[in-house]
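Would you mind keeping the following structure in view while I ask a few things?
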Amino acid sequence: MNKLINDTYLCAALSEPVERTPVWMMRQAGRYLPEYRAIREQAGDFMSLCKNPQLACEVTLQPLERYPLDAAILFSDILTIPDAMGLGLYFKEGEGPCFEHPVRTAADVAKLPVPNPSDTLSYVMDAVSVIRKELNNRVPLIGFSGSPWTLATYMVEGCSSKDYRRIKGMMFSEPRTLHKLLDKLADSVIAYLNAQVESGAQALMIFDTWGGVLTERDYKEFSLSYMQKIVSGITTVAEGRKVPVTLFTKNGGQWLDAMAETGCDCLGVDWTMDLSKARAMVGDKVALQGNMDPSILYGSPERIKQEVATILESYGKGTGHVFNLGHGIHQFVDPENAGVFINAVHELSPKYHT
């Protein structure tokens, strides 16, 4: 096994000692970077970029050429699994991702396949392999998937939604149908993430973007239980080292204690939860990732550094903190401000690890 030059992220995500707090950004390969926009234009559209392993590798590495980040994250999309199920993913201007064939009935659920990662999703595995090779052990590579609840939300609604009337309608009127869909998605995610690890991913993250729209009872039944199944089913050791698993439920800070019981290693925290409170909730069971409001990056360099200092202080001394934004970086952020943020974490965090 080749030794990583910088394994700070892996150590922190596993609550192991580090000399400073590692930092990476959700959506760090994205539209705020002019070099990303140029490659996306070259590819023609977003999914063509995702399905080209060489271009996906290039945009994955772009932010690492600009900034001293402590991890790379696979450039892909959370909806690759439902696309591989044959639902016809496309992107509608102003509305985001949509499906030509939404899932609305028990019959629709029954005919969905569990995609074979080496077949319909082979382009993702090829991208992971190419990225690992090109990284040359500079920093670890994070693989990821959407959570079953979040994938189901897009699949049943057919597009983004403001009221979730179709998915919640199924949840309240046909819960058995929804459970069958979520179970099939959990099996698909397990196979998908295990294939990513086999192809070279060194850490995993599960994005539960829409879990926060549920009540606590429904969250535990329809979202958390299926993430629990995934954590229990995925590969936890590769290349002689533990593969840390991070769960992130947007607007789910009130459930961190329950999430910590899944057996995951790290929990993502959005900006609505103070890290000192989050740390008090989970104790030393898991590491925490987060949690700067992405909008801070529209502020002055001084304000950005002040916010970094505040968040580091709120977490306090000791290991188990991966610094990140509380959600993805916005497309209109000045790339120079992202650099201020990253450099501030490197400058200000060592004193919390002495």
Assess whether atom NZ of Lys229 is packed by more than 12 heavy atoms of other residues, nucleotides or ligands within 6.0 Å.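 Correct, the count exceeds 12.
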Euclidean distance, Met292 CE relative to Leu275 CG, rounded to 0.5 Å: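 It is 12.0 Å, given to the nearest 0.5 Å.
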Considering all heavy atoms, the nearest Pro34-Pro335 contact: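 Distance-wise, the nearest heavy atoms are CD-CG, 4.2 Å.
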For residues Val213 and Phe222: do they belong to one hydrophobic cluster (side chain heavy atoms under 4.5 Å, members Ile, Leu, Val, Met, Phe, Trp, Tyr)?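 Val213 and Phe222: one cluster.
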Quick one: pull up CD in Gln54 and CG in Leu49 and give me the separation to the nearest 0.5 Å.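 The CD atom of Gln54 sits 12.0 Å away from the CG atom of Leu49.
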Taking Tyr9 for the side chain and Ala203 for the main chain, is one N or O donor matched with an acceptor at less than 3.5 Å?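 No, because the side chain of Tyr9 does not come within donor-acceptor range (under 3.5 Å) of the backbone of Ala203.
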May I ask you to check whether over 12 heavy atoms, not counting those of Phe172, lie within 6.0 Å of atom CZ?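 More than 12 within 6.0 Å, yes.
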Count the heavy atoms belonging to other residues, nucleotides or ligands that lie under 6.0 Å from CD of Glu100, then report whether that count exceeds 12.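 Count over threshold, so yes.
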Treating Gln196 as the side-chain partner and Ala201 as the backbone partner, does any N or O pair qualify as donor plus acceptor under 3.5 Å?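 Pair absent, no side-chain N/O of Gln196 close to backbone of Ala201.
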Separation of Gln62 CD from Leu64 CG (nearest 0.5 Å):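 Going from the CG atom of Leu64 to the CD atom of Gln62 covers 10.5 Å.
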Should Leu69 and Tyr36 be regarded as members of a common hydrophobic cluster, given that ILVMFWY residues are connected when their side-chain heavy atoms come within less than 4.5 Å of each other, either directly or indirectly?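 Leu69 and Tyr36: one cluster.
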Can we say Asp265 and Lys242 salt-bridge, meaning some charged N sits less than 4.0 Å from an Asp/Glu carboxylate O?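 The answer is yes: the pair qualifies as a salt bridge.
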Taking a hydrophobic cluster as the set of Ile, Leu, Val, Met, Phe, Trp and Tyr residues connected by side-chain heavy atoms closer than 4.5 Å, whether directly or through intermediates, do Phe248 and Ile78 fall within one such cluster?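 Shared cluster, yes.
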Are more than 12 heavy atoms, taken from residues, nucleotides or ligands other than Arg31, located less than 6.0 Å from that residue's CZ atom?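 Atom CZ in Arg31 is not packed in, count stays at 12 or less.
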Give a yes or no on whether a salt bridge exists between Arg132 and Glu198, defined as a side-chain N under 4.0 angstrom from a carboxylate O.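 Glu198 and Arg132: not salt-bridged.
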Indicate yes or no: does Arg20 engage Glu347 in a salt bridge with an N to O separation below 4.0 Å.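 No.
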Hey, are Arg165 and Glu157 close enough for a salt bridge, meaning a charged N less than 4.0 Å from a carboxylate O?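 No, no charged N to carboxylate O under 4.0 Å.
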Should we count NZ of Lys305 as having more than 12 external heavy atoms under 6.0 Å?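 No - once you tally the heavy atoms of other residues, nucleotides and ligands closer than 6.0 Å, there are 12 at most.
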How about Ser15 and Asp284: do any of their side-chain heavy atoms sit closer than 4.5 Å?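 Sidechains of Asp284 and Ser15: no contact.
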Considering only NZ, NE, NH1 and NH2 on the basic side and carboxylate oxygens on the acidic side, decide whether Arg303 and Glu307 come within less than 4.0 Å.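 Yes, charged N to carboxylate O under 4.0 Å.
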So do the side chains of Val243 and Gln202 get within less than 4.5 Å of each other, counting heavy atoms only?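 No, side chains not in contact.
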Do Phe75 and Val333 belong to the same hydrophobic cluster, where Ile, Leu, Val, Met, Phe, Trp and Tyr are linked whenever their side-chain heavy atoms lie under 4.5 Å apart, directly or via other members?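 Yes, Phe75 and Val333 fall within the same hydrophobic cluster.
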Pairing donors with acceptors under 3.5 angstrom, does anything connect the side chains of Ser161 and Asp163?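 Note: Ser161 and Asp163 side chains meet the donor-acceptor criterion.
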Side chain to side chain donor-acceptor pair (under 3.5 Å) between His327 and Asp293: does it pass, once the steps are laid out? CA-CA 7 Å; His327 202 244; Asp293 183 345; over 6 Å; no
Determine yes or no for a side-chain-to-main-chain donor-acceptor pair under 3.5 angstrom, with Asn343 supplying the side chain and Gly339 the backbone.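 Yes.
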Would you compute the distance between atom CG of Leu55 and atom OG of Ser48 and round it to the nearest 0.5 angstrom?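 One finds 9.5 Å between CG of Leu55 and OG of Ser48.
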Taking the cut-offs as 6.0 angstrom to the six-membered ring centre and 45 degrees off its axis, would you call Arg279 and Tyr315 a cation-pi pair?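 Yes; both conditions hold, so Arg279 lies above the ring face of Tyr315.
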For residues Met155 and Asp108, determine if any side-chain heavy atom of one lies less than 4.5 Å from a side-chain heavy atom of the other.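 Contact flag for Met155/Asp108 side chains = no.
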So, do Phe341 and Phe323 have ring centers that fall under 6.0 Å from each other?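 Here the rings of Phe323 and Phe341 have centres that are less than 6.0 Å from each other.
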Test salt bridge (charged side-chain N to carboxylate O under 4.0 Å, His left out) applied to Glu216 and Lys220, step by step: CA-CA 6 Å; Glu216 180 172 353; Lys220 289 179 177 178; 3.1 Å; yes
Can a donor-acceptor pair be found between the side chains of Asn291 and Asn324 at a distance below 3.5 Å?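 On atom types as modelled, these side chains do not qualify, holding no pair under 3.5 Å.
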Carefully, step by step, assess Ser147 and Thr150 under the rule side chain to side chain donor-acceptor pair (under 3.5 Å). CA-CA 5 Å; Ser147 72; Thr150 291; 3.2 Å; yes
Are Tyr226 and Leu204 co-members of a hydrophobic cluster defined by side-chain heavy atoms under 4.5 Å apart?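 Result: yes, single cluster for both.
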Test His353 against Thr21 for side chain to side chain donor-acceptor pair (under 3.5 Å), laying out the working first. CA-CA 8 Å; His353 299 279; Thr21 305; 2.8 Å; yes
Centroid separation under 6.0 Å, is that true for the rings of His321 and Tyr352?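 Between Tyr352 and His321, the centre distance exceeds or equals 6.0 Å.
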Between the main-chain N or O of Thr80 and the side-chain N or O of Asp83, is there a donor-acceptor pair closer than 3.5 Å?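 Here the side-chain-to-backbone pair does not exist.
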Ion pair check, Asp7 and Arg241, cut-off under 4.0 Å: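 Looking at Asp7 and Arg241, the cut-off is met.
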Tell me if the centroids of the rings in Phe207 and Phe144 come within less than 6.0 Å of each other.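 So the answer is yes for these two rings.
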Is Arg104 reaching over with its side chain to a backbone N or O of Val156, donor-acceptor style, under 3.5 angstrom?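 The answer is yes, because a donor-acceptor pair under 3.5 Å joins these two groups.
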Would you sort out whether Arg37 and Glu41 count as a salt bridge (charged side-chain N to carboxylate O under 4.0 Å, His left out), showing the intermediate values? CA-CA 6 Å; Arg37 297 195 296 271; Glu41 185 175 348; over 6 Å; no
For the side chain of Trp149 and the backbone of Trp210, is there at least one donor-acceptor N/O pair under 3.5 Å apart?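 Checked: pair present.
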Test applied, side-chain hydrogen bond (donor to acceptor under 3.5 Å, both in side chains); reference residue, Asp208; option that passes from Asn251, Thr249, Thr153: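 With Asp208 as partner, Asn251, Thr249, Thr153 yield a single side-chain hydrogen bond (donor to acceptor under 3.5 Å, both in side chains), made by Thr249.
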Contact check, side chains of Val109 and Val103, non-hydrogen atoms, under 4.5 Å: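 When only atoms from C-beta onward are counted, Val103 and Val109 do touch, with a gap below 4.5 Å.
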Run the side chain to side chain donor-acceptor pair (under 3.5 Å) check on Asn194 and Thr235 step by step: do they pass? CA-CA 6 Å; Asn194 283 341; Thr235 300; 3.0 Å; yes
Please indicate whether Glu19 has more than 12 foreign heavy atoms, meaning atoms of other residues, nucleotides or ligands, lying under 6.0 Å from its CD.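 Result for CD/Glu19: open.
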Do Glu239 and Lys3 meet the salt-bridge criterion of a basic N to acidic O distance under 4.0 Å?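 Result for this pair is no, no salt bridge flagged.
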